[in-house]
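Some notes on the structure that comes next.
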Number of protein chains: 2
Amino acid sequence: MLKYALLGFLKYESKTGYELKQTMDKSTGHFWHAKQSQIYTTLKKLEEDGLVTSHPEPQESRPDRRVYTITESGEKALQEWLLQPVTQLDTTKQLLLLKLFFSGKLAKETILTQLRLLHNLHERQAELYKTESTDFIKEITASQPELKQDAHLWEATRRFGRLHEKMYIRWLDETIAMVDEQF
Amino acid sequence: MLKYALLGFLKYESKTGYELKQTMDKSTGHFWHAKQSQIYTTLKKLEEDGLVTSHPEPQESRPDRRVYTITESGEKALQEWLLQPVTQLDTTKQLLLLKLFFSGKLAKETILTQLRLLHNLHERQAELYKTESTDFIKEITASQPELKQDAHLWEATRRFGRLHEKMYIRWLDETIAMVDEQF
DNA sequence: TATAACATGTAACTAGTTACATGATTGG
DNA sequence: CCAATCATGTAACTAGTTACATGTTATA
């Protein structure tokens with residue numbers, strides 16, 4: 001699926017692999033991410049398949065950049081993918097839940113420590129949604145008002161992230177209280 | 001990580017690969033799942049590493065079953081893993097969010113149709129939590145009251161599933177309303 | 001009579017991660 | 001002076017999916 005994410009970003013603007021990574025981290029990071037190495041290998045495959053083209057851009061006193069541009073064939077592939085509806089639920093993998101599921105014989109304090117640690121992580125993540133993601137949306141809509149529609153959808157995905165974190169924190173609070181009482 | 005899930009289940013009771021698949025589907029399915037083929041290959045690896053042993057059980061008029069049992073070394077590996085706290089947030093991949101993110105130029109009705117389709121899927125999933133998962137917990141605690149502690153944790157993971165579905169449905173309602181107004 | 005459940009496995013493939021390799025510039 | 005940023009890539013590996021192969025029995 002990463003290929004479609006890359007095509008999606010390249011449709012807005014030609015970019016290098018390095019820039020694509022940064023853009024993803026700032027925008028889709030909380031629901032779709034990739035390592036730098038995977039981005040480079042996927043771009044290579046996309047070029048082989050004719051969905052993008054690239055040309056190197058020489059730079060002074062910096063390594064050359066390779067700028068990727070979406071092709072017509074790439075735009076078509078992206079459009080087809082966008083029109084194809086999602087018909088299955090995403091299968092998430094929640095490491096903490098897996099551990100917790102098998103933790104019935106652990107000491108109360110061990111479980112509580114682990115839950116509290118995750119609580120911290122989620123609190124921090126929830127904070128990030130207040131600034132980082134909104135900045136990204138504001139910046140773009142300020143310079144490109146024709147992307148207003150897009151910005152509404154970006155905002156919706158950010159909202160999802162916030163709700164998810166809130167839910168998670170609420171569940172951790174409940175679960176911590178439960179373990180505290182029952183164990 | 002599947003290896004630890006399998007060890008976790010085998011610690012309660014020796015099982016075949018087929019049974020492990022069924023048990024997972026009914027219990028950890030919504031936060032950890034695996035295909036039958038992956039279960040078989042992972043069991044093989046676990047046996048090579050000495051974390052489980054297996055013996056074939058001949059059956060009349062049915063293919064032989066291969067029953068896997070956790071070893072001491074396997075219990076140790078499981079315990080070590082359980083004690084190791086989760087220090088990173090899970091990176092989820094939400095296909096719908098990825099599509100939505102790039103859907104700014106699609107027709108209003110196309111987006112709404114896709115959101116409504118997913119709404120249905122999540123409604124159905126939310127229903128499942130009311131029966132299926134609770135049954136599983138009730139059955140086991142009725143026959144094995146010494147697993148009461150475990151059952152509390154299983155119930156917590158089920159609760160997570162319910163909260164997640166509720167959050168998702170709420171977000172879909174909001175997002176459908178937003179697209180309806182803004183597009 | 002067909003299909004779901006029981007039962008195990010391999011091969012080929014796709015997706016994603018970790019580690020390695022290289023090297024200049026800028027900011028604290 | 002050290003860490004971060006800029007910048008690209010390959011190799012080896014782990015995890016997970018899809019497709020294939022085989023065959024019986026119970027149930028609708």
Side-chain angles (χ1 to χ4, degrees), chain A residues 1-7 14-26 28-29 31-49 51-52 54-68 77 81 87-95 98, chain B residues 1-7 14-26 28-29 31-49 51-52 54-68 77 81 87-95 98:
Chain A
M1 294 301 108
L2 176 60
K3 57 182 278 192
Y4 295 109
L6 298 179
L7 290 174
S14 294
K15 274 185 161 39
T16 68
Y18 190 83
E19 287 169 333
L20 282 164
K21 167 69 171 154
Q22 293 178 313
T23 306
M24 278 188 93
D25 286 350
K26 267 194 289 180
T28 63
F31 58 87
W32 210 276
H33 61 91
K35 303 273 157 151
Q36 191 70 70
S37 64
Q38 201 197 349
I39 291 176
Y40 286 129
T41 50
T42 305
L43 283 170
K44 210 178 168 186
K45 263 181 264 159
L46 284 170
E47 189 161 27
E48 278 165 24
D49 296 346
L51 305 181
V52 301
S54 77
H55 56 273
E57 242 183 35
Q59 293 191 120
E60 289 164 26
S61 70
R62 281 238 179 261
D64 288 2
R65 297 148 46 87
R66 180 166 288 272
V67 180
Y68 287 86
W81 176 75
T87 54
Q88 286 196 334
L89 297 180
D90 291 300
T91 52
T92 52
K93 302 223 161 169
Q94 299 278 347
L95 192 54
L98 186 62
Chain B
M1 293 299 108
L2 177 60
K3 58 182 276 192
Y4 295 109
L6 298 179
L7 290 173
S14 294
K15 275 184 159 42
T16 68
Y18 190 82
E19 288 170 333
L20 282 164
K21 167 67 172 155
Q22 293 180 312
T23 306
M24 279 189 93
D25 285 350
K26 266 194 290 182
T28 62
F31 57 88
W32 211 277
H33 61 92
K35 304 273 158 155
Q36 192 70 67
S37 64
Q38 201 197 350
I39 291 175
Y40 286 128
T41 50
T42 305
L43 284 170
K44 209 179 169 187
K45 265 181 260 158
L46 284 170
E47 188 160 29
E48 279 166 22
D49 296 346
L51 305 181
V52 301
S54 76
H55 56 273
E57 243 183 35
Q59 294 190 117
E60 289 163 26
S61 69
R62 281 236 178 261
D64 288 2
R65 296 148 46 87
R66 179 165 288 274
V67 179
Y68 286 86
W81 176 74
T87 53
Q88 286 196 334
L89 298 180
D90 291 300
T91 52
T92 52
K93 303 224 162 170
Q94 300 278 346
L95 192 54
L98 186 62

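Numbers restart at 1 for each chain; the letters A, B, ... are given by sequence-line order, proteins then strands.
Taking the side chain of A:Lys35 as heavy atoms from C-beta on, and the options D:dG16, D:dT18, C:dT17, the nearest nucleotide is C:dT17. Of the candidates D:dG16, C:dC6, C:dT17, the closest approach to any side-chain atom of B:Trp32 belongs to D:dG16. Looking at the side chain of A:Lys93, the nearest of the listed nucleotides D:dG16, D:dT8, C:dT8 is D:dG16. Taking only side-chain atoms of A:Tyr18, from C-beta outward, the nucleotide of C:dG16, C:dT8, D:dT5 with the closest atom is D:dT5.
Residues B:Tyr18 and B:Arg65 are not in side-chain contact: their nearest non-hydrogen atoms beyond the backbone lie 4.5 Å or more apart. Within the 4.5 Å cutoff, no side-chain heavy atoms of B:Tyr4 are placed close to those of A:Leu95. Taking the side chain as every heavy atom from C-beta outward, A:Leu6 and A:Lys45 never approach each other to under 4.5 Å.
At the heavy-atom level, B:Glu57 lies nowhere under 4.0 Å from the strands shown. Here A:Gln22 lies in heavy-atom contact (under 4.0 Å) with sugar-phosphate atoms only.
By the neighbour-count criterion of 12 heavy atoms within 6.0 Å, atom NZ of B:Lys93 is densely surrounded, having more than that number from other residues, nucleotides or ligands. Heavy-atom contacts from other residues, nucleotides or ligands closer than 6.0 Å to CD of B:Glu57 number more than 12.
Between B:Arg65 and C:dA7 there is a side-chain N or O to OP1 or OP2 distance below 4.0 Å.
Overall bending of the helix from C:dT1-D:dA28 to C:dG28-D:dC1, expressed as the angle between end axes built from five pairs apiece, is 50° (10° steps).
For residues 37-47 of chain A, proximity to DNA chain C is found at A:Ser37, A:Gln38, defined as any non-hydrogen atom under 4.0 angstrom from a strand atom.
Panel note: side chain B:Gln36, backbone B:Gly17; a donor-acceptor pair is recorded below 3.5 Å.
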